[in-house]
2 protein chains.
Amino acid sequence: MVTIKDVAEYSGVSVATVSRALNNSGYVGEKSRIKVEEAVKALGYYPNEVARSLYQKSSKMIGLLLPDISNPYFPLLAKGVEDYAQQNGYMVILGNVEDNPEKEDMYVKFFSQYNISGVLSASAGKKNNTYRVPFILLDRADEEEDYSVSTDDKLGGKLAAQAILKAGGKHAIVMAGPKNVSGANDRLSGALSILDNGGLSYKVMETNSFKVEKAEITAINLFETYESFDSVIASNDVYALAVMKEAIKRGHKIPEDIQIIGYDDMLFSRLMYPGLTTIAQPAYDVGYQGAKMLLDLIEKKTVKNKKLKLKPKLITRNSLR
Amino acid sequence: MVTIKDVAEYSGVSVATVSRALNNSGYVGEKSRIKVEEAVKALGYYPNEVARSLYQKSSKMIGLLLPDISNPYFPLLAKGVEDYAQQNGYMVILGNVEDNPEKEDMYVKFFSQYNISGVLSASAGKKNNTYRVPFILLDRADEEEDYSVSTDDKLGGKLAAQAILKAGGKHAIVMAGPKNVSGANDRLSGALSILDNGGLSYKVMETNSFKVEKAEITAINLFETYESFDSVIASNDVYALAVMKEAIKRGHKIPEDIQIIGYDDMLFSRLMYPGLTTIAQPAYDVGYQGAKMLLDLIEKKTVKNKKLKLKPKLITRNSLR
DNA sequence: TTGAAAGCGGTACCAT
DNA sequence: ATGGTACCGCTTTCAA
């Protein structure tokens, strides 16, 4: 391993001068600078970030806390984070916390042990004030004081309801989604605000999970509990799919007998038959903008908007009439 | 921040003794040990890993290089890695390299700057010998000398072909998959080895991507190019889905007219109608076992099997007769 | 403009 | 069994 000392010897100056030259800090004579640059090139030197981090008590690493990487929404978000971080010389440390407070605590500790310089969290866990570094909430924006980047779910809910209305639904079922997820509540209230003035009847179906495992049983429940509906606003694409499957199985035609709209726009939603009409969430952008906000905070740039709301949009395919 | 020095002062011993007590290295008297433990508890001390890492030239961090997190196979693999790592006190650093050698080089450098102690790579990029730390290939096993964990794709191909045969296929199309991915070749040769003795006719369709964007066009090509086939062995589930969609669109019944088998078993494959019969890849296990092998290597435990092959298995649903 | 030296928070060698 | 201390690689103060 080639160290700053090697560079100093090779170029005939002191390590202090090399350090200054490398960091553009303090005075460095022109000749010294040149000699250092040559030495760096000749030796293939690059600084040891661990040593630097020890002194500076910070690093070029940020943490990303996710509730569940296997949920297809999060990899996209993670990709956005990773892209922005990588473009700006930061590494991202992945923490799959699964809404498990203990795991989250482990990571908080890890992060501080390694001088991580900021954290992005999409985890629904209790907001952890233990962080002494910039902290940004992804996809949630409960508390007033936090920095956050999220989707405008109320708008998303409205969009979905409007699409159903426009397609001529008469009797709709709207799935409520988990009550402890603020986004789910926003969607619901957004949808209802439109439906209430839309001249169609609707019922709200309580569902309390986004989990894939629950999708099939929820779809079955839907058909066993309700009768004579012609439209479904599903919690998300996975649930929409499950409903489609169950509907077809029971001999209903989509969209003729029953029309369905999803939420998320996962990559396979367009691979269904019929293609699923859905509300696209800007998952990648949430990650990307979140990372940007975090690095701005870390580098003490001013962040104009503490709470960034990104807009979802309607993706029209063939599951609505 | 509370340091080892604080602990030493509080407990009235030297930092050397504290260090020994904490690491169970060297002699420590019973009384000293107790005093240290009390001090640690009272002060809420935990070691700074950056300082430790600087001295030891290693850390409790491992790198994970992925070709594309948005491909649903990889998050599962990542979850396996993360789980094992986390259970053993390691953090994982995520690198989405997208088969881009420059990005990969960036990460190689990053990793060494931060004393990462091992690397797991599912990237198809040139094998990077620049690593001076344990290195394990995930999902690929080209070169003889490497450590690797992968799926037995030849077996997977056989399983798929056997299922088609058993379901009574007469004329099959088998998609070849990208030629530069060794797993794809193994699947193909596995499938053909069965088909050749199966008493049915088949054709191999060249496809050269696993990418989602290509799936729809490939499905269309399939129907435009070939006639009178009754069975399809698809490259993966996404492609299988696209084929199903196109088939239904064209008025074919599944599985009555055309039967289809996929590869991967992605979570939504069972949410289709009809449910997709497929070969399940142990993505999570590849990650988990890979992480295990890596940590064993890092901690100098003996690894009995340099090249671990995990078994795929047939998941029977309703897309075969 | 430059270099010596004191840290940053640990580990481990060497005396005692 | 214990403590003093050099050292890991880098940054920054301070004096020259």
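Numbers restart at 1 for each chain; the letters A, B, ... are given by sequence-line order, proteins then strands.
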Exercise for the section: Kindly say if Lys5(B) contacts the phosphate of dC8(C), meaning a side-chain N or O under 4.0 Å from OP1 or OP2. Expected result: no

Problem - dT11(C) OP1/OP2 closer than 4.0 Å to side-chain N/O of Ser19(B) - result: yes

Practice task
Would you sort out whether Glu82(B) and Lys103(A) count as a salt bridge (Lys or Arg N to Asp or Glu O under 4.0 Å), showing the intermediate values?
Solution key: CA-CA 11 Å; Glu82(B) 207 266 356; Lys103(A) 275 193 145 201; 3.7 Å; yes

Handout entry: Nucleotide dA1(D), atom C1' - distance to CG of Asn24(B) in whole Å
Key = 15 Å

Practice task
Ignoring hydrogens and angles, tell me if any N or O in the side chain of Asn48(B) forms a donor-acceptor pair with the backbone of Val50(B) under 3.5 Å.
Solution key: yes

Handout entry: Spacing of Asn115(B) atom CG relative to dG10(C) atom P, expressed in whole Å
Key = 16 Å

Practice task
Have a look at Val50(A) and say if it touches a base, only the backbone sugar-phosphate, or nothing, with a 4.0 Å heavy-atom cut-off.
Solution key: nothing

Practice task
Check the distance between dG9(D)'s P and Tyr55(B)'s OH and give it to me in whole angstrom.
Solution key: 11 Å

Exercise for the section: Give the rounded distance in Å between these two atoms: CG of Leu54(A) and P of dT11(D). Expected result: 11 Å

Problem - Gap between atoms CG and C1', on Asn48(B) and dC10(D) respectively (whole Å) - result: 15 Å

Problem - Lys31(B) vs Pro47(A), nearer the 5' end of DNA chain D by closest nucleotide - result: Lys31(B)

Exercise for the section: Report yes if a side-chain nitrogen or oxygen of Lys57(A) is closer than 4.0 Å to either non-bridging phosphate oxygen (OP1 or OP2) of dT11(D); otherwise report no. Expected result: no

Completion exercise
Ranking Ile4(B) and Arg20(B) by the position along DNA chain C of their nearest nucleotide, the one closer to 5' is Ile4(B)

Handout entry: Test item: Pro47(B) and Gln113(A) side chains (from C-beta on) under 4.5 Å apart, heavy atoms
Key = yes

Exercise for the section: Please state whether the phosphate of dT13(D), meaning OP1 or OP2, lies under 4.0 angstrom from any side-chain nitrogen or oxygen of Tyr27(A). Expected result: no

Practice task
Test Lys79(B) against Asp68(A) for salt bridge (Lys or Arg N to Asp or Glu O under 4.0 Å), laying out the working first.
Solution key: CA-CA 8 Å; Lys79(B) 189 173 184 178; Asp68(A) 179 13; 3.6 Å; yes

Fill in the blank from the handout: Of dG10(C), dG9(D), dG3(D), the nucleotide closest to the side chain of Ala51(B) is dG10(C)

Exercise for the section: Using the side chain to side chain contact (heavy atoms under 4.5 Å, CB included) rule, pick out the option among Val40(A), Val18(A), Val36(A) that qualifies with Ile4(A). Expected result: Val18(A)

Practice task
Output yes when at least one side-chain N/O atom of Ser32(A) is less than 4.0 Å from OP1 or OP2 of dT2(C), else no.
Solution key: yes

Practice task
Return no unless some side-chain N or O of Thr17(B) is found under 4.0 Å from OP1 or OP2 of dG3(D).
Solution key: yes

Practice task
May I ask you to verify if any side-chain N or O of Gln56(A) is less than 4.0 angstrom from the OP1 or OP2 atom of dT12(D)?
Solution key: yes

Problem - dG3(C) phosphate, OP1 or OP2, under 4.0 Å from Ser14(A) side-chain N/O - result: yes

Practice task
Could you work out which one of dC10(D), dG10(C), dA4(C) sits closest to the side chain of Thr3(B)?
Solution key: dG10(C)

Practice task
Look at the side-chain N and O atoms of Asn23(A) and state whether any lies under 4.0 Å from the OP1 or OP2 oxygen of dT11(D).
Solution key: yes

